[in-house]
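Naming convention: chains lettered A, B, ... in sequence-line order (proteins, then strands); numbering from 1 in each chain.
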Amino acid sequence: MNKEWNGRMRRALSEKEPADLKVQMERMVLLANAQSGRSRGNKIGFWELLARQVSLIGWRIWGMEAAALFLISLVLRSLFRDPCFFTPRKIAFCLSCGTVAASMLLLPVLYRSIHFKMMEVESAAYFSFRRLMASRFLLFFAGEMAGMGVIGAIAYGRQFVNGSMLIYVLAPMLLAGEGILLLLKRSSPDKWCIHYACYEGALLLLLCTGYGVVPQIFDGKYAGISMAAGMVLLGCFIWQCIELVKRPKEAIYV
Amino acid sequence: MELKIDHVTKQYKDKLAVDDVSLTLTPGVWGLLGANGAGKTTLMRMIAGIMKPASGDILYDNLSIQSLQGEYRNIFGYLPQEFGFYPEFTVADYLSYVAALKGLSRVETRNKIDMLLEELTLTDVRRKKIVKLSGGMKRRVGIAQALLNEPEILILDEPTSGLDPGERVKFRNILSKFAQNRIVLISTHIVPDVEYIANQNAIMKEGRIIALGTTEKLERLVENKVYRCTMRPGELAKWEGRLRIVNLKNEEDGKVSLRYLSEEPVTENSIAEAPRLEDLYLWLFPQEEVRV
């Protein structure tokens with residue numbers, strides 16, 4: 001018997017006799033039935049679900065990310081060779097846009113269930129559809145972090161590439177990640193793809209507008225503020241991930 | 001154990017798909033019959049908890065399935081009418097994937113998959129990609145995933161679509177064995193699939209349940225409305241459009257044998273026949289009839 005069920009039984013037995021004993025008895029029977037269902041086999045937790053996703057679909061997500069990041073890095077590399085283009089401001093801007101573009105790779109990952117008509121079977125399983133998508137997002141995000149880390153390690157120390165450039169990668173990545181986490185919690189699954197595409201489009205537009213109107217933000221001059229903002233974003237991101245991973249009191253209906 | 005559908009309604013933009021349906025499901029096999037567009041799939045999606053009713057509620061042992069959340073999903077298996085597979089999945093991969101979604105441990109997953117593959121004669125294809133299987137085999141894989149968590153409630157939407165007659169018989173036997181102390185709800189417009197195994201049937205038309213009862217009770221609704229007669233092929237034209245013909249057969253003597261539905265016999269040589277559930281279905285859904 002698990003601790004939660006023990007606690008509920010203890011509380012129920014210690015309560016005074018309720019006014020409606022029949023209702024209380026029915027609830028006790030339901031609790032017992034639910035517990036007998038649980039004791040038919042303990043369910044795996046979210047982390048084991050995540051681990052098992054790695055061998056089944058994780059490699060595919062990471063392969064796609066690796067290919068996309070490789071292409072993005074080739075484009076950036078060819079841009080950086082151009083002496084007219086090679087300024088810290090432009091590097092920072094391109095890194096930010098490249099990160100947002102890489103985050104859009106999540107769209108096919110989200111859309112797969114709908115495209116291959118798996119959504120109904122996935123929605124009817126023990127782990128809700130939202131938590132399944134959360135597990136995919138975490139796999140995707142882990143891949144993105146690893147990819148960005150590899151690119152950063154290769155590029156670090158080259159002209160104009162230093163630690164302050166990290167914020168131009170981290171901030172867009174975290175903003176994109178928080179957007180999808182919010183969608184996973186609030187939006188209807190059949191609208192995730194379009195909402196996420198709009199959100200990413202808005203981020204890109206914001207970056208381009210920022211570059212056009214206030215290009216100084218890409219100079220790395222406001223490193224202190226940027227890092228503080230980055231830390232806040234990171235904190236929010238981690239908190240949202242924890243909220244999504246915990247067993248939420250979510251409605252049964254997707 | 002009881003699953004109560006309580007005045008459930010679902011409205012799409014231009015259509016009332018499910019119209020104030022109430023039904024109480026108890027352990028056994030339940031058939032849900034109806035023509036295409038009757039609302040069967042919508043109702044099943046609501047029972048499966050993947051679509052929210054516009055009004056009404058669905059109760060499992062008097063508790064709303066909304067309040068049960070994951071515990072409800074834990075006890076039922078669902079086979080949708082249209083379902084697909086990720087193209088890279090083999091049969092074993094797919095079942096492992098669904099087993100993980102259903103919260104089964106690795107050991108349980110292995111044991112259940114072995115058992116189900118043997119039961120459904122899929123052992124030889126366990127390492128084959130699902131996209132390369134025949135339609136009937138794909139359907140059996142779908143049934144296997146619904147049974148992975150030994151559900152107390154099994155919802156099957158058009159489960160025998162694409163199966164050959166031998167596979168359908170085997171499927172019926174598997175279900176009958178499985179349905180002891182469980183609720184099994186099968187929606188279909190292939191009447192023989194449920195005729196022999198369903199304890200109770202509900203017939204749905206335009207979003208409403210229009211008939212409910214055992215197979216024998218429903219058959220009595222068309223008692224004295226089913227007839228058989230023979231006639232020369234040349235006489236058929238006279239009855240064209242006037243008779244609701246269930247079956248048309250060319251006899252060896254050159255005549256044509258008709259099984260038809262009518263309030264009264266229409267020819268002198270008509271003989272009353274014992275009704276079948278299929279006759280009731282055609283009586284209620286005349287657009288499904290065989291026309292001369």
Side-chain angles (χ1 to χ4, degrees), chain A residues 5 22-23 25-27 29-38 40-46 48-60 63 112-132 135 188-190 247-254, chain B residues 1 41 44-46 48-53 58 60-89 93-94 96-109 112 131 142 145-146 148-152 155 157:
Chain A
W5 196 83
K22 190 183 171 200
V23 168
M25 286 300 291
E26 280 174 2
R27 284 193 180 141
V29 168
L30 286 165
L31 265 177
N33 284 341
Q35 178 57 22
S36 76
R38 275 195 284 274
R40 275 195 285 135
N42 287 326
K43 295 294 170 188
I44 61 173
F46 179 81
E48 189 172 343
L49 171 71
L50 188 67
R52 283 164 71 173
Q53 297 276 309
V54 169
S55 59
L56 291 166
I57 61 169
W59 61 270
R60 200 175 183 83
R112 269 198 123 212
S113 293
I114 298 170
H115 179 70
F116 289 111
K117 296 183 184 174
M118 282 285 293
M119 192 175 159
E120 284 197 68
V121 168
E122 289 168 345
S123 300
Y126 174 70
F127 286 103
S128 69
F129 191 65
R130 287 178 201 274
R131 296 179 88 206
L132 171 63
S135 71
S188 168
D190 56 341
R247 190 183 179 89
K249 289 270 183 197
E250 56 187 329
I252 187 170
Y253 298 111
V254 177
Chain B
M1 190 201 325
T41 296
M44 292 202 132
R45 282 179 179 156
M46 289 192 284
I50 60 174
M51 186 182 276
K52 191 172 178 181
I58 294 168
Y60 175 67
D61 285 344
N62 287 324
L63 267 189
S64 171
I65 61 172
Q66 262 189 293
S67 63
L68 286 170
Q69 300 166 17
E71 286 173 18
Y72 178 67
R73 287 194 294 268
N74 190 24
I75 58 158
F76 83 77
Y78 177 51
L79 176 64
Q81 183 177 8
E82 285 181 27
F83 66 99
F85 311 92
Y86 296 128
E88 67 272 17
F89 275 173
D93 287 341
Y94 175 74
S96 295
Y97 175 74
V98 177
L101 297 185
K102 293 193 174 198
L104 303 183
S105 66
R106 287 183 197 267
V107 171
E108 268 185 293
T109 298
K112 294 270 171 63
V131 290
Q145 66 79 24
L148 272 169
N149 57 328
E150 291 181 32
E152 290 177 19
I155 315 285
D157 197 350

A.B. asks: State, to 0.1 Å, how close Lys102(B) and Lys43(A) come at their nearest heavy-atom pair, and which atoms those are.
C.D. replies: O-NZ, 3.2 Å

A.B. asks: Would you name the heavy atoms of Tyr86(B) and Ser113(A) that are closest together and state the gap between them?
C.D. replies: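 Closest approach of Tyr86(B) to Ser113(A), heavy atoms only: OH-OG, 3.0 Å.
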
A.B. asks: Under a 4.5 Å heavy-atom cut-off, does chain B meet the side chain of Arg60(A), its backbone, both or neither?
C.D. replies: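 The answer is the side chain of Arg60(A).
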
A.B. asks: Could you tell me which non-hydrogen atom of Ser128(A) sits nearest to which non-hydrogen atom of Arg73(B), and how far apart they are?
C.D. replies: CB-NH2, 3.5 Å

A.B. asks: Where on Thr109(B) is there a heavy atom nearer than 4.5 Å to chain A: the side chain, the backbone, both, or neither?
C.D. replies: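 For Thr109(B), the contact with chain A is made by the side chain alone.
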
A.B. asks: Go through the steps to decide whether Leu101(B) and Arg52(A) satisfy the test side chain to side chain contact (heavy atoms under 4.5 Å, CB included), and finish with yes or no.
C.D. replies: CA-CA 10 Å; Leu101(B) 297 185; Arg52(A) 283 164 71 173; over 6 Å; no

A.B. asks: Go through the steps to decide whether Glu82(B) and Glu120(A) satisfy the test side chain to side chain contact (heavy atoms under 4.5 Å, CB included), and finish with yes or no.
C.D. replies: CA-CA 9 Å; Glu82(B) 285 181 27; Glu120(A) 284 197 68; 5.5 Å; no

A.B. asks: Side chain to side chain contact (heavy atoms under 4.5 Å, CB included) between Val98(B) and Glu122(A): does it pass, once the steps are laid out?
C.D. replies: CA-CA 7 Å; Val98(B) 177; Glu122(A) 289 168 345; over 6 Å; no

A.B. asks: Looking only at heavy atoms, what is the nearest atom pair of Phe127(A) and Gly103(B), with distance?
C.D. replies: CE1-CA, 3.9 Å

A.B. asks: Can you check whether Leu56(A) reaches Phe89(B) side chain to side chain, under 4.5 Å on heavy atoms?
C.D. replies: yes

A.B. asks: Picking from Tyr78(B), Phe83(B), Tyr97(B), Tyr94(B), which has the most non-hydrogen pairs under 4.5 angstrom with chain A?
C.D. replies: Tyr97(B)

